[in-house]
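Report on one structure; see the data block that follows.
Protein chains get the first letters and strands the later ones, always in sequence-line order, with residue 1 at the start of each. Here the structure is a predicted model, which is why all the values come from computation and not from measurement. All heavy atoms count here, side chains included; hydrogens, waters and symmetry mates do not.
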There are 2 protein chains.
Amino acid sequence: MKTRKKTLRDYLQLKGLKITNQREIILKTFLDSRSHCSTDDLYIRLRKKHPKIGYATVHRTLKLLVASGIAIEQNFGDGQARYEPVQDNHHHDHLICRECGLIIEFEEPQIEKLQHQVAAAHQFTIESHRHELYGLCSRCSHLK
Amino acid sequence: MKTRKKTLRDYLQLKGLKITNQREIILKTFLDSRSHCSTDDLYIRLRKKHPKIGYATVHRTLKLLVASGIAIEQNFGDGQARYEPVQDNHHHDHLICRECGLIIEFEEPQIEKLQHQVAAAHQFTIESHRHELYGLCSRCSHLK
DNA sequence: AATATCAATGATAATGGTAATCAAAGTCGA
DNA sequence: TCGACTTTGATTACCATTATCATTGATATT
Ligand SMILES: [Mn+2]
Ligand SMILES: [Mn+2]
Ligand SMILES: [Zn+2]
Ligand SMILES: [Zn+2]
């Protein structure tokens, strides 16, 4: 079982890129953060301990984490990309509360299977997918 | 069975808004266009016969069509919103080819049902959802 | 038909997330 | 240690979307 720090180092080496302090600090902070954070979220969090790290580096490193398979980019329709660590061999989709922003994760193997059937029926090769349910979480529906 | 022109007129009246030539021309052109068009697509198409209509009006009218239930806004991850006419009582989701941009529509009632079960299990009230499968269409997978 | 009121239009500027630029600094193999 | 090449961080550019505002238009009332 490879650590994600090792995964990043291997990826950088493979691509002829360089291991830098910034990249390792950003990776560590990203993994420690609550999930589904935006570039801004992470940049603000980083500034507390590492005020020298620039916004552009945070942005570029998040893209790098996606390219290396450590992170996945999500977009929940609020106009800014969000990132979360890839959970080993566990894909999930999301319920998103329009009122309070709560994000609930779910796994539903039957949906995944039906998806593949749909794709197969159209001779379509799936590379990725998004499945998001928007509405009100239980707390917010009660308050209405 | 109400025409969509009538639907728009009723909506405008209800909201104290005004029926204008621009709005009716944009509606007609939108309905005649191939589906999943961006604001730009529609604006360029309109310019041929109606060069006086401004981009801002096209943008505002598309938002109006969404608000009145005539159109639905989609976002397939290329950074620009796309619009398509709502098909009477027929929801569908999408397969999107990353290579050629082909968009295939699908309906899968079993997925819709499972979605509702997932939401119910979390006491979540669904208002809308997106389900998109990205990958290669049959033609593009053969060419690879 | 003329008028008054309020909304719509269209040219243009502002916004905001993302991505490109570039000089200075850093990495790492030779 | 040196040198080739990459990274960094400040800044600017990009681009879809949205706001602004003076002018024009729609509609109800007279
Ligand atoms: Mn998640
Ligand atoms: Mn469609
Ligand atoms: Zn909520
Ligand atoms: Zn294709």
Discussion item. Under 4.0 Å, counting only non-hydrogen atoms across every strand here, what does B/R23 touch: a base, just sugar-phosphate, or nothing?
Written reply: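 The residue B/R23 makes sugar-phosphate contact but no base contact.
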
Practice prompt. Pick base, sugar-phosphate or nothing for A/K63, based on heavy-atom distances below 4.0 Å to the nucleic acid.
Written response: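 The answer is sugar-phosphate, as A/K63 gets under 4.0 Å only of primed atoms, P, OP1 or OP2.
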
Discussion item. Side chain of B/T57 only, heavy atoms from C-beta on: which candidate in C/dT18, D/dT8, C/dT9 is closest?
Written reply: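 Closest nucleotide to the B/T57 side chain: C/dT9.
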
Practice prompt. Would you kindly give the CZ-to-P distance between B/R82 and D/dT17, to the nearest whole Å?
Written response: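 Atom CZ in B/R82 sits about 10 Å away from atom P in D/dT17.
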
Discussion item. What's the separation between atom CG in B/D93 and atom CD in B/Q74, rounded to the nearest 0.5 Å?
Written reply: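 Spacing of CG (B/D93) from CD (B/Q74) equals 8.0 Å.
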
Practice prompt. Let me have a per-nucleotide readout for nucleotides 25-30 of chain C, 5' to 3', with B, S or -, counting only protein heavy atoms under 4.0 Å.
Written response: -BBS--

Item to complete: Would you work out how much the helix from C/dA1-D/dT30 to C/dA30-D/dT1 bends between its ends, with each end axis defined by five base pairs, to 10 degrees?
Response: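 Here the local axes at opposite ends form an angle of 30°.
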
Worksheet item: Quick one: on DNA chain C, does B/A56 or B/G16 contact a more 5' nucleotide (nearest heavy atom)?
Response: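 Counting from the 5' end, the first nearest nucleotide belongs to B/G16.
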
Discussion item. For B/H131 and A/H129, take the angle between the two ring planes, folded into 0 to 90°, and tell me which bin it lands in: parallel under 30, tilted 30 to 60, perpendicular over 60.
Written reply: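 Plane angle over 60°, so perpendicular.
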
Just to verify, what does [X] make a side-chain contact (heavy atoms from CB on, under 4.5 Å) with, not counting sequence neighbours?
| X | answer |
| --- | --- |
| A/K63 | A/H59, A/E73, A/Y83 |
| A/Q22 | A/T20, A/I53, A/T57 |
| A/K6 | A/K2, A/T3, A/D10 |

Worksheet item: Taking the six-membered ring where the residue is Trp, are the ring centres of B/H94 and B/H92 under 6.0 Å apart?
Response: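 Centroid separation for B/H94 and B/H92: below 6.0 Å.
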
Discussion item. Let's see if you get this right: which residues in residues 40-53 of chain B place a heavy atom under 4.0 Å from DNA chain C?
Written reply: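 The answer is B/K52, B/I53.
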
Going by an N to O cut-off under 4.0 Å, is there a salt bridge joining [X] and [Y]?
| X | Y | answer |
| --- | --- | --- |
| A/R139 | A/E99 | no |
| B/R45 | B/D41 | no |
| A/R130 | A/E132 | yes |

Discussion item. Please determine whether a side-chain nitrogen or oxygen atom of A/H59 lies at a distance below 4.0 Å from atom OP1 or OP2 of C/dA19.
Written reply: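 For A/H59, the contact criterion (side-chain N or O under 4.0 Å from OP1 or OP2 of C/dA19) is met.
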
